Amino acid sequence: MSTPPLAPAGMAPGPFGGPQAQQAAREVNTATLCRIGQETVQDIVYRTMEIFQLLRNMQLPNGVTYHTGTYQDRLTKLQDHLRQLSILFRKLRLVYDKCNENCGGMDPIPVEQLIPYVDEDSSKNDDRAGPPRFASEERREIAEVNKKLKQKNQQLKQIMDQLRNLIWDINAMLAMRN
(Lines give C-alpha, C1' and ligand atoms only; values in the text may rest on other atoms or scores of the structure.)
Protein backbone atom coordinates (compact mmCIF):
# COMPACT_ATOMS: atom_id res chain seq x y z
CA MET A 1 0.00 0.00 0.00
CA SER A 2 1.54 3.30 -1.03
CA THR A 3 0.84 6.51 0.78
CA PRO A 4 0.75 9.94 -0.81
CA PRO A 5 3.78 12.12 -0.17
CA LEU A 6 3.55 14.07 3.04
CA ALA A 7 3.44 17.80 2.50
CA PRO A 8 4.71 20.32 5.04
CA ALA A 9 2.30 22.89 6.42
CA GLY A 10 1.38 25.54 3.87
CA MET A 11 2.55 23.55 0.84
CA ALA A 12 0.28 21.27 -1.10
CA PRO A 13 1.73 18.83 -3.59
CA GLY A 14 0.20 19.04 -6.97
CA PRO A 15 0.32 20.62 -10.37
CA PHE A 16 0.32 24.20 -9.05
CA GLY A 17 3.79 24.04 -7.54
CA GLY A 18 6.98 23.87 -9.54
CA PRO A 19 9.61 21.17 -9.29
CA GLN A 20 10.99 22.76 -6.11
CA ALA A 21 7.60 22.62 -4.39
CA GLN A 22 7.16 18.98 -5.40
CA GLN A 23 10.67 18.17 -4.13
CA ALA A 24 9.90 19.94 -0.84
CA ALA A 25 6.66 17.96 -0.57
CA ARG A 26 8.60 14.70 -0.81
CA GLU A 27 11.24 15.73 1.74
CA VAL A 28 9.41 16.31 4.98
CA ASN A 29 11.01 17.81 8.02
CA THR A 30 11.81 15.27 10.75
CA ALA A 31 9.94 17.35 13.32
CA THR A 32 6.84 17.24 11.11
CA LEU A 33 7.24 13.48 10.82
CA CYS A 34 7.43 13.21 14.60
CA ARG A 35 4.24 15.26 14.92
CA ILE A 36 2.53 13.00 12.38
CA GLY A 37 3.79 9.96 14.30
CA GLN A 38 2.47 11.38 17.56
CA GLU A 39 -0.95 11.97 16.01
CA THR A 40 -0.91 8.44 14.60
CA VAL A 41 -0.12 6.99 18.03
CA GLN A 42 -2.98 9.01 19.50
CA ASP A 43 -5.30 7.63 16.80
CA ILE A 44 -4.08 4.10 17.57
CA VAL A 45 -4.82 4.55 21.27
CA TYR A 46 -8.26 5.98 20.50
CA ARG A 47 -9.12 3.11 18.13
CA THR A 48 -7.86 0.56 20.65
CA MET A 49 -10.06 2.08 23.35
CA GLU A 50 -13.03 1.90 20.97
CA ILE A 51 -12.25 -1.77 20.24
CA PHE A 52 -12.17 -2.60 23.95
CA GLN A 53 -15.42 -0.70 24.44
CA LEU A 54 -17.03 -2.76 21.66
CA LEU A 55 -15.67 -5.99 23.10
CA ARG A 56 -16.93 -5.11 26.56
CA ASN A 57 -20.44 -4.41 25.26
CA MET A 58 -20.46 -7.36 22.89
CA GLN A 59 -22.04 -10.57 24.16
CA LEU A 60 -21.04 -13.82 22.59
CA PRO A 61 -23.88 -15.90 21.15
CA ASN A 62 -23.58 -18.98 23.33
CA GLY A 63 -27.07 -20.43 22.92
CA VAL A 64 -28.81 -17.58 24.71
CA THR A 65 -31.44 -15.78 22.66
CA TYR A 66 -29.61 -12.85 21.17
CA HIS A 67 -30.39 -10.48 18.35
CA THR A 68 -28.25 -11.62 15.46
CA GLY A 69 -28.69 -8.26 13.73
CA THR A 70 -27.14 -6.43 16.69
CA TYR A 71 -24.38 -9.02 16.91
CA GLN A 72 -23.61 -8.72 13.19
CA ASP A 73 -23.61 -4.91 13.43
CA ARG A 74 -21.16 -4.94 16.34
CA LEU A 75 -19.01 -7.55 14.64
CA THR A 76 -18.87 -5.39 11.49
CA LYS A 77 -17.87 -2.36 13.58
CA LEU A 78 -15.21 -4.41 15.32
CA GLN A 79 -13.76 -5.68 12.04
CA ASP A 80 -13.77 -2.12 10.66
CA HIS A 81 -11.91 -0.81 13.72
CA LEU A 82 -9.36 -3.63 13.45
CA ARG A 83 -8.82 -2.86 9.76
CA GLN A 84 -8.32 0.85 10.53
CA LEU A 85 -5.97 -0.05 13.38
CA SER A 86 -3.90 -2.15 10.99
CA ILE A 87 -3.71 0.79 8.56
CA LEU A 88 -2.62 3.12 11.37
CA PHE A 89 0.13 0.72 12.42
CA ARG A 90 1.40 0.57 8.82
CA LYS A 91 1.37 4.38 8.68
CA LEU A 92 3.29 4.54 11.96
CA ARG A 93 5.86 2.09 10.59
CA LEU A 94 6.33 4.26 7.49
CA VAL A 95 6.80 7.38 9.62
CA TYR A 96 9.23 5.52 11.87
CA ASP A 97 11.28 4.26 8.93
CA LYS A 98 11.36 7.74 7.35
CA CYS A 99 12.51 9.30 10.65
CA ASN A 100 15.27 6.71 10.98
CA GLU A 101 16.27 7.35 7.38
CA ASN A 102 16.44 11.10 7.97
CA CYS A 103 18.40 10.71 11.22
CA GLY A 104 20.63 7.89 10.00
CA GLY A 105 23.76 9.97 9.52
CA MET A 106 23.41 11.86 12.77
CA ASP A 107 25.61 11.06 15.72
CA PRO A 108 23.63 11.01 18.95
CA ILE A 109 24.70 13.78 21.28
CA PRO A 110 24.59 13.02 25.00
CA VAL A 111 22.07 15.15 26.85
CA GLU A 112 24.73 16.27 29.32
CA GLN A 113 26.54 18.13 26.54
CA LEU A 114 23.41 20.06 25.57
CA ILE A 115 23.01 21.64 29.04
CA PRO A 116 25.36 24.60 29.58
CA TYR A 117 27.12 24.30 32.95
CA VAL A 118 29.83 26.69 34.10
CA ASP A 119 32.65 25.80 36.43
CA GLU A 120 34.62 28.37 38.37
CA ASP A 121 37.63 28.17 36.04
CA SER A 122 35.68 28.55 32.78
CA SER A 123 34.25 32.03 33.39
CA LYS A 124 36.54 33.50 30.71
CA ASN A 125 33.84 33.74 28.01
CA ASP A 126 31.90 36.90 28.84
CA ASP A 127 29.75 36.69 25.69
CA ARG A 128 28.23 33.39 26.88
CA ALA A 129 28.06 34.23 30.59
CA GLY A 130 24.25 34.82 30.65
CA PRO A 131 22.63 31.41 30.26
CA PRO A 132 25.46 29.34 31.81
CA ARG A 133 25.46 31.58 34.86
CA PHE A 134 21.72 30.97 35.17
CA ALA A 135 22.27 27.22 34.99
CA SER A 136 24.98 27.51 37.65
CA GLU A 137 22.68 29.53 39.94
CA GLU A 138 19.91 27.01 39.44
CA ARG A 139 22.25 24.16 40.29
CA ARG A 140 23.37 26.02 43.45
CA GLU A 141 19.74 26.59 44.49
CA ILE A 142 18.94 22.91 43.95
CA ALA A 143 21.95 21.94 46.09
CA GLU A 144 20.74 24.26 48.88
CA VAL A 145 17.22 22.82 48.74
CA ASN A 146 18.63 19.28 48.83
CA LYS A 147 20.74 20.19 51.86
CA LYS A 148 17.70 21.63 53.68
CA LEU A 149 15.66 18.58 52.71
CA LYS A 150 18.30 16.24 54.16
CA GLN A 151 18.30 18.25 57.39
CA LYS A 152 14.50 18.05 57.65
CA ASN A 153 14.61 14.32 56.94
CA GLN A 154 17.18 13.89 59.72
CA GLN A 155 14.96 15.84 62.12
CA LEU A 156 11.94 13.72 61.20
CA LYS A 157 13.97 10.55 61.72
CA GLN A 158 14.99 11.72 65.19
CA ILE A 159 11.37 12.55 66.08
CA MET A 160 10.23 9.13 64.83
CA ASP A 161 12.92 7.42 66.93
CA GLN A 162 11.85 9.39 70.02
CA LEU A 163 8.19 8.50 69.43
CA ARG A 164 9.10 4.84 68.95
CA ASN A 165 11.03 4.83 72.24
CA LEU A 166 8.16 6.59 74.02
CA ILE A 167 5.62 4.07 72.73
CA TRP A 168 7.96 1.25 73.74
CA ASP A 169 8.20 2.64 77.28
CA ILE A 170 4.40 3.10 77.51
CA ASN A 171 3.79 -0.45 76.35
CA ALA A 172 6.36 -1.75 78.85
CA MET A 173 4.63 0.15 81.71
CA LEU A 174 1.22 -1.17 80.67
CA ALA A 175 2.56 -4.70 80.53
CA MET A 176 4.03 -4.40 84.02
CA ARG A 177 0.74 -3.05 85.37
CA ASN A 178 -1.08 -6.14 84.21
Side-chain angles (χ1 to χ4, degrees), residues 1-62 64 66-119 122 125-143 145-146 149:
M1 169 183 233
S2 68
T3 60
L6 302 171
M11 296 192 73
F16 299 115
Q20 293 174 344
Q22 289 177 353
Q23 180 68 18
R26 287 189 190 105
E27 295 177 11
V28 180
N29 187 358
T30 305
T32 305
L33 282 173
C34 290
R35 181 185 53 78
I36 292 169
Q38 179 183 6
E39 291 171 357
T40 305
V41 168
Q42 289 172 350
D43 288 344
I44 288 171
V45 169
Y46 177 73
R47 292 286 180 193
T48 305
M49 286 175 28
E50 285 182 350
I51 287 171
F52 282 120
Q53 183 70 28
L54 279 171
L55 287 174
R56 184 174 34 180
N57 294 334
M58 190 176 200
Q59 297 176 359
L60 296 177
N62 54 0
V64 179
Y66 190 72
H67 301 292
T68 56
T70 306
Y71 174 75
Q72 288 298 329
D73 183 44
R74 289 183 181 169
L75 183 63
T76 305
K77 283 183 184 179
L78 181 63
Q79 289 171 345
D80 184 47
H81 282 305
L82 289 173
R83 184 182 49 78
Q84 290 174 354
L85 194 62
S86 174
I87 291 170
L88 287 171
F89 271 112
R90 278 189 246 136
K91 179 180 176 183
L92 185 62
R93 174 49 95 178
L94 289 172
V95 170
Y96 175 78
D97 290 341
K98 186 67 175 173
C99 282
N100 278 343
E101 179 183 315
N102 289 348
C103 298
M106 299 176 127
D107 293 330
I109 299 173
V111 177
E112 293 83 16
Q113 291 181 355
L114 298 174
I115 301 172
Y117 288 114
V118 172
D119 295 331
S122 64
N125 299 338
D126 292 335
D127 56 336
R128 295 186 340 158
R133 194 178 308 144
F134 174 75
S136 175
E137 291 172 6
E138 186 175 350
R139 189 172 25 159
R140 182 179 43 80
E141 289 174 7
I142 290 173
V145 169
N146 282 341
L149 185 63

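Computed from a prediction, not measured in an experiment: that's the story for all the values here. Any value given below was found using the heavy atoms of this structure, including those in side chains, with hydrogens, waters and symmetry copies removed.
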CG-CD1 distance between Asn29 and Ile36, expressed to the nearest 0.5 angstrom: 10.0 Å
Salt bridge flag under 4.0 Å for residues Glu50 and Arg47: yes
Gap between atom CD of Gln38 and atom CG of Leu33 - 0.5 Å precision: 13.0 Å
Residues Glu101, Lys98; criterion salt bridge (charged side-chain N to carboxylate O under 4.0 Å, His left out); working and verdict: CA-CA 5 Å; Glu101 179 183 315; Lys98 186 67 175 173; 3.7 Å; yes
Pair Asp97 + Arg93, salt bridge at N-O below 4.0 Å: yes
Check ion pair Asp80-Lys77 (N to O, under 4.0 angstrom): no
Between OG1 on residue Thr30 and CG on residue Asn102, distance to nearest 0.5 Å: 4.0 Å
CD-CG distance between Gln79 and Leu82, expressed to the nearest 0.5 angstrom: 7.5 Å
4.5 Å side-chain heavy-atom contact, Gln53 and Met49: no
Separation of Thr48 OG1 from Leu85 CG (nearest 0.5 Å): 4.5 Å
Gap separating the CD1 atom of Ile87 from the CG atom of Asp43, nearest 0.5 angstrom: 12.0 Å
